[in-house]
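What follows is one structure encoded as C-alpha cells, with my remarks underneath.
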Amino acid sequence: MQQRLYYIDFLRVSAFMLLIAYHASVAFFPDMKWLIEAPEGSTTLSLIMKHPRAWRLALLFFVSGMGTWFVYRRCHDLSFLTGRFTRLFPPLIFAMCVIIVPQVWYERMYEEGYQAPS
C-alpha cells in the first residue's frame, strides 16, 4: 500500500485556490476585457495577479498529470481508460449542454447585441 503524499495534496489545493482567486479578481483588472467588469478597476490587483498568469496553467497541468500517473500505476490499460471515461465524460457532456451553450449565448447578446429572429 502506498503512503499518502501530503505535499501533493497541498500543491493541488494551492493550485485550485490560486485558480479561484485569479478568476474572482479578473473582473477588477482595468487592462483586461472580461464578460463581467467592475466599474472601478484595481491596478494593484492586476499587477499582483500578473505574476501567476505566466505559470498557473502549467501548474494545473502538472498537478493533473501527477494524479493521472498515480491512478495509472494502480490500474493499467482498459480499466484505466474505462474509469477515466466514466468519471470524466458525464461532466463534460453536462458542461457542454448546460453551462457552455448558455454562456456563449449570453456573451453574444451582451457583446454583439444579438437579437433572435422573430
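Position 1 is the first residue of the sequence; numbering continues from there.
When hydrophobic clusters are built by joining Ile, Leu, Val, Met, Phe, Trp and Tyr residues whose side-chain heavy atoms come closer than 4.5 Å, directly or via intermediates, L59 is not grouped with F16. L11 is connected to Y7 through a chain of hydrophobic side-chain contacts under 4.5 Å among Ile, Leu, Val, Met, Phe, Trp and Tyr, so both are in one cluster. The hydrophobic clustering, which links ILVMFWY residues whose side-chain heavy atoms are closer than 4.5 Å, places Y6 and V13 apart. Residues L19 and I48 do not share a hydrophobic cluster, clusters being chains of Ile/Leu/Val/Met/Phe/Trp/Tyr side chains in contact below 4.5 Å.
To the nearest 0.5 Å, the span separating OH on Y72 from OG on S79 amounts to 9.0 Å. Here OG of S42 is found 10.5 Å from CE of M49. Values are rounded to the nearest 0.5 Å. One distance of note links CD1 of I20 with OG of S25; it measures 12.0 Å at 0.5 Å rounding. Between atom CG of residue L81 and atom SG of residue C75 there is a gap of 9.0 Å, rounded to the nearest 0.5 Å. Interatomic distance, CZ of F10 versus CG of L5, reported as 14.5 Å (0.5 Å rounding). With rounding to the nearest 0.5 angstrom, the CZ atom of F89 is 15.5 Å from the CZ atom of R84.
Applying the salt bridge (charged side-chain N to carboxylate O under 4.0 Å, His left out) test to R87 and every residue at least two apart in sequence or in another chain returns nothing.
The side-chain heavy atoms of K50 and D31, taken from C-beta on, include a pair separated by under 4.5 Å.
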Problem - side-chain contact (heavy atoms from CB on, under 4.5 Å) assessment of L57 paired with F62 - result: CA-CA 8 Å; L57 280 177; F62 178 71; over 6 Å; no
Practice task
Determine, stepwise, if the pair W55 / L18 fulfils side-chain contact (heavy atoms from CB on, under 4.5 Å).
Solution key: CA-CA 11 Å; W55 48 266; L18 178 65; 3.7 Å; yes
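Nearest heavy-atom pair across F29 and L45 is CE2-O, 3.9 Å. In this structure, F85 and P90 approach most closely via the heavy-atom pair O-CD, 3.8 Å.
At most 12 non-hydrogen atoms from other residues, nucleotides or ligands lie less than 6.0 angstrom from CZ of F61. For R73, the CZ atom sits in a packed shell: over 12 heavy atoms of surrounding residues, nucleotides or ligands are nearer than 6.0 Å.
A donor-acceptor pair under 3.5 Å links the side-chain atoms of T86 to the main chain of T82, judged by distance alone.
With C97 as the fixed residue, the side-chain contact (heavy atoms from CB on, under 4.5 Å) test singles out one of I100, I93, V101: I93.
Geometrically, R56 engages Y22 in a cation-pi contact, judged by NZ or CZ lying under 6.0 Å from the ring centre and within 45° of the ring axis.
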